[in-house]
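Take a look at the structure below.
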Amino acid sequence: MATAEQTVGAVLDATNKRYLVEHWESDDNLTWYDKYNDGWVEQYGIIRNLGNISVKNVDLPIEF
């Protein structure tokens, strides 16, 4: 017998629409990401206090 999560996932997959499967936020809320059922990943981060620096590397929470 399928679990409720498996049943809901199957129904959502049948709609052929993207839906959120995982969300993560850092403790300080400066970075987060969302993962979707079709593999799409959306990531966000805030850089504070750049001063005169025009280029800054950002470490994203998950790898592409």
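If you read the sequence from its start, that first residue is 1, and numbering goes on from there.
Atom CD in Glu42 sits 9.5 Å away from atom CG in Leu20 (nearest 0.5 Å). With rounding to the nearest 0.5 angstrom, the OH atom of Tyr33 is 9.5 Å from the NE2 atom of His23.
Counting only heavy atoms from C-beta outward, the side chains of Trp24 and Lys35 never approach each other to under 4.5 Å. Annotation: side chain of Glu22 is not in contact with side chain of Tyr36 (no heavy-atom distance under 4.5 Å). Taking 4.5 Å as the limit, every side-chain heavy atom of Lys17 sits out of range of all side-chain heavy atoms of Asn37. With a 4.5 Å cut-off on side-chain heavy atoms, Gln43 and Ile62 count as touching. Within the 4.5 Å cutoff, the side chain of Arg18 has heavy atoms near those of the Trp40 side chain.
Between the side chains of Asp13 and Tyr19, a donor-acceptor pair is found at a separation under 3.5 Å.
Within the 3.5 Å criterion, the main-chain N or O of Thr31 finds a donor-acceptor partner in the side chain of Ser26.
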